[in-house]
Amino acid sequence: MLSTLLSWAVVRGRLTINVAQGIPLLYRTNRADAIWTEADFTAIKSHCSKELDWAIRLASLTGLRLGD
């Protein structure tokens with residue numbers, strides 16, 4: 001994130017160099033298992049009100065994680 005911020009500053013002329021450029025990532029992650037599926041929506045629908053079901057579906061369009 002720091003490298004991204006410093007790159008932004010370089011592009012806009014606020015800095016002359018990005019000292020964090022080229023630093024390798026410390027880890028990689030695969031969050032595919034945290035994506036809500038239609039089966040998840042169906043399972044929760046039987047346990048909540050219609051309004052909560054709508055709210056959950058709306059939140060899923062904004063990046064809701066399974067843990068949320």
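The analysis underlying the following values was restricted to heavy atoms, covering all of them including side chains, and did not include hydrogens, waters or symmetry mates.
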Quick one: side chains of residues 41-49, donor-acceptor pairs under 3.5 Å with protein atoms, not counting sequence neighbours, listed by atom name and distance.
unit_1, atom_1, unit_2, atom_2, d
Thr42, OG1, Glu38, O, 2.9
Ser46, OG, Ala43, O, 3.2
Ser49, OG, Leu52, N, 3.1

Thr37: which residues meet the side-chain hydrogen bond (donor to acceptor under 3.5 Å, both in side chains) condition with it, sequence neighbours left out? Asp40

With a 3.5 Å cut-off and sequence neighbours excluded, list the donor-acceptor pairs that the side chains of residues 9-21 form with protein atoms.
unit_1, atom_1, unit_2, atom_2, d
Arg12, NH1, Trp8, O, 3.4
Asn18, OD1, Ala20, N, 2.9
Asn18, OD1, Gln21, N, 3.3
Asn18, ND2, Ser3, O, 3.1
Asn18, ND2, Ser3, OG, 3.4
Asn18, ND2, Ser7, OG, 2.8

Going by chain and number, the hydrophobic cluster around Leu26 (ILVMFWY, side chain to side chain under 4.5 Å) further includes Tyr27

